[in-house]
Amino acid sequence: MIYQGNAVSVELLDDGIAELKFDLQGESVNKFNRATLEDLSKATEALKGNDQVKGIVVTSGKKVFIVGADITEFTEMFANDEAEIAKWSRQANDIFNAFEDLDVPKVAAINGFALGGGLEMCLACEFRVMGEAAQVGFPEVKLGIYPGFGGTVRTPRIIGVDNAVEWIATGSQNKADKALKVGIVDAVVKAGDERDAAIDLVKQCLAGKIDFRAKRQEKLDPLPMPPMEQMMAFQTGMAMVQQQAGKNYPAPVEAVKSMQKAAGMKRDDALDVESKGFAKLAKTQQATAMVGLFLADQQVKKVNGKTAKASREVKHAAVLGAGIMGGGIAFQSALKGTPIVMKDINDKALDLGMNEASKLLSKRVSKGKMDAAGMGKVLSAIRPTLSYEDFKDIDVIVEAVVENPKIKQSVLAETEEKVEGAILASNTSTISINRLAEALKKPENFAGMHFFNPVHMMPLVEVIRGEKTSDETVATLVNYAQKMGKNPVVVNDCPGFLVNRVLFPYFAGFSMLVRDGADFQQVDKVMQKFGWPMGPAYLLDVVGIDTGVHAAKVMAEGFPDRMDHDFKDPTEIMFENERYGQKNGIGFYKYEEDKKGKPKKVVDEKTYELIKPAVTSEPKDYDADEIIARMMIPMCTETVRCLEDNIVGSPAEADMAMIYGIGFPPFRGGPLRYIDSIGTQAFVELCDKYAHLGALYEAPQMLKDKAAKGESFFG
Ligand SMILES: NC(=O)c1ccc[n+]([C@@H]2O[C@H](COP(=O)([O-])OP(=O)(O)OC[C@H]3O[C@@H](n4cnc5c(N)ncnc54)[C@H](O)[C@@H]3O)[C@@H](O)[C@H]2O)c1
């Protein structure tokens with residue numbers, strides 16, 4: 001044994017070939033934490049001083065190669081100042097350089113995921129052999145940063161500018177065939193053969209058949225590209241990246257800038273550029289939010305994992321109602337491997353439900369994501385029926401019939417009679433779970449399971465715990481949601497549950513802005529620029545004006561002190577004029593079909609005429625900051641109230657629910673992270689400034705307390 005550390009070991013094999021193996025003790029995967037970096041440094045030192053070593057293979061003792069940096073260490077590290085972060089990245093690069101500079105052939109055997117720092121480790125070798133099931137890529141931009149262990153320097157020198165820009169700026173994860181095609185790996189072999197193939201490649205180098213030094217030199221030199229060509233390549237890359245990333249995501253653009261700036265430099269100078277750019281990005285609000293988001297996601301998964309432990313096994317499911325939601329739930333359940341019975345009272349609805357599933361599957365087949373046999377299998381896992389006869393051995397039943405409390409109560413009670421012992425869930429969006437439970441003999445077996453439309457696209461499921469819901473019921477629904485590939489968040493019962501309770505105050509903010517003379521289109525534009533997938537008027541059209549008006553009424557009844565209003569609401573005017581939004585082609589906007597048959601929004605001047613009664617002030621040109629404050633304060637304060645009222649268990653769950661449920665801008669991290677980014681004290685002051693607009697703008701006690709203590713939601 002040449003070296004034995006906690007994460008890295010080096011052993012001399014036959015023929016002078018050393019195996020440097022990553023195997024982080026006490027963890028299921030390898031990652032580049034501080035200790036691993038130190039280990040790599042010491043292992044390199046040991047290799048340097050050992051003249052028996054003629055070549056090196058780099059392997060992993062885990063199923064993955066190395067999944068990347070240890071993101072849990074980022075929060076602390078990124079709290080340092082920019083110079084300190086740049087120094088850390090540069091020191092890490094010195095370790096990789098020392099390894100790269102070992103004057104023997106080095107080959108990485110990529111047996112599983114080699115992502116971020118994991119792939120950068122492979123690039124420090126002269127050659128890479130990849131297993132056919134492995135995947136490689138640079139996901140750093142998804143955390144608001146870019147590769148900081150030499151990735152922006154070595155990648156363009158190995159695979160060229162165009163490919164490097166694509167790989168680094170998109171953060172894509174790539175399969176072996178693509179990796180081989182661009183040349184980021186040199187060979188693809190059968191899974192399990194990576195190590196042998198890597199040893200074989202080292203031997204070929206030692207036999208003089210391959211010039212490994214020339215290969216290394218390419219990585220040490222400036223890019224071998226004439227300046228004109230270089231400029232063209234980077235300009236094209238930059239244009240593509242700017243268009244795709246948009247202004248709110250600086251990391252991909254910064255990555256291209258750094259690669260361009262360092263293109264004419266030798267390795268060490270180029271790495272200085274990389275480290276400085278990395279540190280600059282690490283200090284952005286986007287990096288803080290996106291690293292926080294990653295950690296919040298892990299926390300939510302951990303909470304769910306714990307909750308789901310008490311789950312019953314879910315082998316067979318059923319859904320009541322084959323409409324938009326029922327059909328979607330059936331499709332998703334079958335697609336992810338839980339066969340499902342789909343019951344309706346209407347034959348035609350069953351046909352529509354099956355046709356919708358069939359259409360979605362055909363799309364997958366035409367995109368090459370599934371073959372015809374796979375499609376047949378999924379379709380046959382959905383059993384349409386008009387009768388309870390088919391409800392044998394069903395573990396979970398999701399009710400998705402029309403949104404009417406009486407009908408829902410009677411359907412649930414009838415189902416409970418027919419199917420003894422199964423877990424029952426309602427997909428209601430506005431009816432109290434406690435109220436629905438009153439119709440049941442065993443309310444402990446009942447909870448809410450709120451999916452979002454379209455079910456196959458939307459990642460969130462709210463699991464709503466009623467007063468009498470048992471832990472086993474919650475656990476089973478969390479488990480079933482996960483089996484369906486969704487991200488469940490468990491919440492307690494209240495009007496609007498979590499997501500709608502927080503969304504409707506935002507819509508109220510919109511109505512008040514229009515009342516006070518704002519142009520609804522300007523509000524849409526500002527909020528879209530802020531990062532929302534669409535502005536509030538457009539979102540109301542997409543949700544359905546009728547649905548919105550109904551839900552707003554429920555919210556006003558539930559929280560009259562702040563969600564009731566005494567003015568004419570523009571959304572209600574749309575409703576009174578039968579402008580239901582996208583579903584009937586007209587709402588705040590008009591909808592025309594584009595070439596692909598998708599609805600395209602166009603401006604309708606008549607909207608301004610119609611909403612005049614809702615506007616009680618002179619038209620006013622609001623500046624963007626005021627629009628943002630008036631829209632975001634009600635949403636953020638209501639999220640705090642949900643935490644205060646124990647509707648949701650933690651800030652991480654609250655923020656993730658808003659990102660997964662309604663597309664809260666991910667780079668802002670969620671409503672609570674957004675408050676943190678402004679500062680709790682500054683946010684209280686912002687609330688005070690607008691408190692004259694009503695109770696939705698008042699700072700909740702929890703926020704005031706945090707501000708007084710100088711605390712934030714995420715510490
Ligand atoms: N559409 C959405 O965006 C959305 C989002 C989240 C939740 N929801 C909720 O999901 C539920 C269903 O909504 P939808 O949009 O799918 O409605 P929908 O009108 O498209 O479908 C309802 C279906 O239920 C069937 N049905 C009625 N009574 C039945 C019974 N006794 N047994 C079996 N089937 C019966 C109807 O025939 C119809 O096919 C509602 O509670 C709604 O609030 C809807």
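Each ligand, and each atom within it, is numbered from 1 in the order the structure gives.
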Peer 1: Should Ile433 and Thr428 count as side-chain neighbours, where that means a heavy-atom distance under 4.5 Å?
Peer 2: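 Yes, at least one pair of side-chain atoms sits under 4.5 Å.
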Peer 1: Going by the angle between their ring planes, with limits at 30° and 60°, are Phe588 and Phe520 parallel, tilted or perpendicular?
Peer 2: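 Tilted, since the angle between the ring planes falls between 30° and 60°.
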Peer 1: Could you go through ligand 1 and note, for every N or O atom, any protein N or O atom closer than 3.5 angstrom, writing the atom names and distance to 0.1 Å, or 'none'?
Peer 2:
residue	atom	partner	partner atom	Å
ligand 1	3 (O)	Asn453	ND2	3.3
ligand 1	10 (O)	Asn427	ND2	3.0
ligand 1	16 (O)	Ile324	N	3.2
ligand 1	16 (O)	Met325	N	2.8
ligand 1	20 (O)	Ile324	N	3.1
ligand 1	37 (O)	Asp344	OD1	2.6
ligand 1	37 (O)	Asp344	OD2	3.4
ligand 1	39 (O)	Asp344	OD2	2.7
ligand 1	41 (O)	Val401	O	3.3
ligand 1	41 (O)	Glu403	OE1	2.5
ligand 1	41 (O)	Lys408	NZ	2.6
ligand 1	43 (O)	Glu403	OE1	2.8
ligand 1	43 (O)	Ser429	OG	2.8

Peer 1: Going by atom type alone, with no hydrogens or angles, which donor-acceptor pairs under 3.5 Å involve a side-chain atom of residues 528-540 and a protein atom two or more places apart or on another chain?
Peer 2:
none

Peer 1: Could you pull out all donor-acceptor pairs under 3.5 Å where a side-chain atom in residues 496-514 meets a protein atom, sequence neighbours excluded?
Peer 2:
residue	atom	partner	partner atom	Å
Arg501	NE	Glu638	OE2	2.7
Arg501	NH2	Glu638	OE2	3.2
Arg501	NH2	Asp645	OD2	2.9
Ser511	OG	Phe507	O	3.3
Ser511	OG	Asp569	OD1	3.4
Ser511	OG	Asp569	OD2	3.0

Peer 1: Tell me, please, whether Phe446 has Lys468 positioned over its six-membered ring: NZ or CZ under 6.0 Å from the ring centre and within 45 degrees of its axis?
Peer 2: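 The answer is no, since Lys468 fails at least one limit relative to Phe446.
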Peer 1: Quick one: side chain to side chain donor-acceptor pair (under 3.5 Å) partners of Gln244, sequence neighbours excluded?
Peer 2: none
